[in-house]
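Here is how names work: the chains are called A, B, and so on, in the same order as the sequence lines, proteins then strands, and each is numbered from 1. All values reported here derive from a predicted model rather than from experimental measurement.
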Amino acid sequence: MEIPERTEIIIIGAGLMGCSIAYHLSKEKKEVVVFEKRNIASGASGRNGGQVIQLEGRDKNPETIKARLEITNENNKILKTLEKELNYNLEYQKIGSLDIALTKQEWEDIKETIKAQKKAGDKEIELLGKKETLQLCPLLTDNVFGSRFRPSDGTINPFFLTHGFAFRAQKLGAKIFTYTPVKKIIRENGKAKGVELENGKKVFSDIVINATNAWSIFLCPEIDILPLRQVAVVTEPVANLPVYPMEAFIDGDAIFTTTQTKSGNLVAGGFRTQARDREEHYDESVEPIELSGSSAIFKRIFKGLGDICIIRSWSGVMAVTGDCLPCIGRYPETKNLYISAGFLNGMAYGPIVGKLVAELIIYGKTSISIDIFKPERFYKKRINWPKFYNYTILAEFFARV
Amino acid sequence: MKELKLDEKTYFNKISFPSFERIKKGPVAIIECIEDIPCNPCETICKFGAIKVGFPITNLPILDEEKCTGCGRCVPVCPGLAIFVLDYNFNEKDCLLTIPYEFLPLPEEDEKVKCLDRDGKFVCDGKIIKVIPPERNAMTAIISFAFPKKYYNKIRSFKR
Amino acid sequence: MEEKDLVIIGGGPAGLCSAISARKKGIDVLIIDENLRPGGQLFKQIHRFFGSKEHMAGVRGFIIGEKLLKEVKELGVEVWLNSIAYGIFKDKIIGVIKDGKNTHIKAKSIIISTGATENPLSFPNWTLPGVMGAGACQTMINIHRVLPGKKVLMIGSGNVGLIVSYQLLQAGAEVVGIVEIMPKIGGYLVHAAKIKRFGVPIYLSTTILEGVGKDEIKGAVICPVDENFKPIIKRKKYIDVDLICIAVGLTPLNELLYQAGCLFTYKGYLGGLVALHNENMETTVENIFVAGDCSGIEEASTAMEEGKLAGIAASEKIRNKKWEEEKEEIRKHLNDFRIGTFGEKRKLSKEEIIKEYYERIKT
Amino acid sequence: MKNKKIICRCKEITEEEIIEVIKKGIKDVDGIKRALGAGMGLCQGKTCTNLIIKIINRETGIPIDKIRQQTSRAPVRPISIKIISE
Amino acid sequence: MKKKDLRIYKHPILGDMPEKKKIYIYFNEKKLTAYEGEMIAAVLYANGIRKLRKTERFKKPRGIFCAIGRCTDCVMTVDGIPNVRTCITPVKNGMKIEFQVGLGKWKKKIW
């Protein structure tokens, strides 16, 4: 397949966002070319637990809760029928998710969060006491205080989801070029004209979309999106364990456990990273302390899983914006340039965001408001990110601002 | 189905096969090693300097048939089990072939055996004459068996 | 965290020899091996090795193994058995599971001698019990001393296929045949002659179409191929076997080298992807050395020489001394081995590796 | 299942499935792993990687030395949680 | 019993099998003789048992493939723990080995 001289739309990045956008645009008969530095789903889309969690974290802000719920609810709706639509096995299972409290303080925080989220209009979430939590998940440690349960959350195979979009998009005419890194976006007179590839070749287009998440800043430096490294371990496949996508805080770190795939591999991980400066967050090797630390999550959260074997570890880089919400929409001051980046929890967004970005490009507006995610909010705004950071330091940073 | 065939032609003209004159004179080593294998224990072990590999050690071993006494020391040391000793004049009608043997159970002296060619095909009957037990040669037994002279260049093995 | 001068991962012929040569230079050496005893594949090699007197020619592999073990013991090399080096991390930190405990060792220098892995060959029903690697079969009969089948079909006539067939005969099995897809055998004729004279047929230009059986292998369908290696289906033939062994080559085991960040190159004659290294067996990561099959598939004899070389070279750096003459002597031995039909190509590949090492280390 | 050739023994991915994905444009081992899960089973691709390379080579004509190979991550053997977490 | 024993007691190169302590293991409740130091899968193969498990997706039987603990084909449920690589796990007296179906079941109570 030859790289064309020009095309209607160029998408940079073949992660979940890029592929979902490519699919939705191709469906509308747009001519789409995707450039990817490595493979499909090589970045965060292939390095996550596959949790579909609508309101990850402990959001207590009614405004963001509403906006996030509106969009992720729609995402869940899409997921219900997506397997059929893409004709691809996605291993989607709607089994609910838990946010568990392992200390009294966490338990108070969860109760407060639920209060705030219910008040903001969330009718679904439940507060489970210790007994109910253990009933739902008898594997959990007896040290659990209680949990937040959201029944409509679940898990999906992140590889298959991304490939499902990619393959379908290709079938509809999209061209995906892997191992074809983009050097820069060509911008002239306030307009995006196309991209220049690493090999020097220029490809022109009417529209350019930056969907490179943690790598976004290299192409669109005006919006300061921070890479945040995550480490996880994967176990051998285990049959029939009552495990849900779970969030918790341990020693100030956000951690998660889940079943990554239907075949029963358990995944545990979090932002338990040894990385210090920005550069190191892109490092995809795993340190010994990260490997043992991530494995230890299983012991902290569950009881009796000690004999299950770890078969793999990985690290990958998520992305954080100045307010922890993604940047989606038209790029300020540069016509025909769009961005969809800054995701910490892409599975809950990918399918719907692809659809909304396509709507925005084709119709100039979206069926659901994405105002809260608009890129303007950080455009050319210097964020005083800490030079050395991990999750804990960032949490403090956000608490301060 | 095409099979790998091994017979006297495989080795003829490719090695310094002792001349028939020499064979008739008495015990002599037959070295069926026709590839450039980096290996020379046969040269090292021969007290009479009858086997030459030289340098490089991938050279094919060359037998000096006049120097060879047919002592048989080279038989168990060949990693390829490719050296035999033939005593053409064992008796009036039979010749005697000495081969390395690494199987159990060992045959017994005087035992009747079926003689096989290089492809393992039955050729004629024969008789075990001598068995040197494996312990003496790092677990390679040395067996001498007799069969009609006319098969001297055909037979290389036996079954019981 | 424990700190060590030299850690050798894999106590096969290469690893043991590098330990011996480094220990002789006064280096504190630790060998990590995942088996219950070191020696690697030597203990299943019950045949006599080729070579010359200096290289224990004519001695059986497992006897060489015992000799090396004795030497390692006498020299006081520390050996961790039943220990898994599960990862190499930054700054030469090795993760090891020893006695059921997770430990980390920081090494000044590491020699990776993890050996090779058998190549698979897929055909219908190759997943059934009764299909296994030839090396696996060799482990079963010579280490575990259990016959995994009584009537055997061997796929591949390289030296491994030929030698394991012979050893199957020694273990009391019947080898129904050896199939080879090429028009000539892959290994040495002497090895082929050893089994032919006991009546084992070697089918050339022939392949396996499928394994037959419901729960276990009961037979196999073999079939001649044309000059383009396409099976001539109408001439296929069913044979009764209960074990199919796959002997279609080896691939260097380079997972740890990859984790250590070493650069690789592809060399078909050496079994696939191999770590770039210089004439001292040092990889593109300083103070990480490689030796034996994991630096390219050759023989145990070359593995041992490479091991010695790596052992001395690693010692040079640790002690800040030079033993150039000794190394030169070993290189000479290596060149002695790398001649002949198989050796020549490997020698060339090895030279290319060293050349590429210097090209890539610059950039 | 009859006469289907399994390539990844752990996840039981067949040759047909791999070829189908290659036809969709995936041309390296890592890509096949991500698209199908081949090589992500208990053995972590130790057996199937070479076979997948050969299939890619046969289907696409890309020389074997140009086909990107799978990566490796610790641990190289399955290790129980209770041991590795210490 | 003797008839089915596929151990190689006498070997032309390796000599007689060294004497080892006799122990017993159970395969699906059937009592089998084993010798200390033997690997689980080797004991089963010695007794003519080559089907060690059935796979998850296609429900096909599997046995030993690599014999060195890499391929994970020989995994079985040992003392209630599934996915144990039996080709490199030595037997212990009284060990309970079970044919594993699919991913296996944790017989050992884990919660």
Phe177(A) versus Leu197(A): any side-chain heavy-atom pair under 4.5 Å?
no
Give a yes or no answer on whether the side chain of Lys303(A) reaches the backbone of Leu139(A) with a donor-acceptor pair at less than 3.5 Å.
no
For Ser313(A), which atoms come within 4.5 Å of any heavy atom of chain D: side chain, backbone, both, or neither?
both
Ser42(A) versus chain D, the contacting section by heavy-atom distance below 4.5 Å:
both
Under 4.5 Å heavy-atom distance to chain D, tell me which part of Gln170(A) shows up: side chain, backbone, both or neither.
side chain
Quick check on the interface: out of Gly31(D), Pro78(D), Ala35(D), who has the most heavy-atom pairs with chain A under 4.5 Å?
Ala35(D)
Under a 4.5 Å cutoff for heavy-atom pairs, which residue among Gly293(A), Ser295(A), Gly164(A) has the most contacts with chain D?
Ser295(A)
Sub-3.5 Å donor-acceptor pair from the side chain of Glu16(D) to the main-chain atoms of Thr14(D), do we have one?
no
Lys27(D) versus chain A, the contacting section by heavy-atom distance below 4.5 Å
neither
Would you say Asp142(A) has more than 12 foreign heavy atoms packed within less than 6.0 Å of its CG?
yes
State whether Glu17(D) and Lys4(D) are salt-bridged, where the test is any N-O pair (Lys NZ or Arg NE/NH1/NH2 against Asp/Glu carboxylate O) under 4.0 Å.
no
Specify which of Pro288(A), Ala41(A), Ala166(A), Cys309(A) makes the most heavy-atom pairs with chain D at under 4.5 Å.
Cys309(A)
Which one, Ile83(D), Val21(D), Leu36(D), leads in non-hydrogen pairs under 4.5 Å with chain A?
Leu36(D)
Under 4.0 Å between a side-chain nitrogen and a carboxylate oxygen: does that hold for Asp283(A) and Arg229(A)?
no
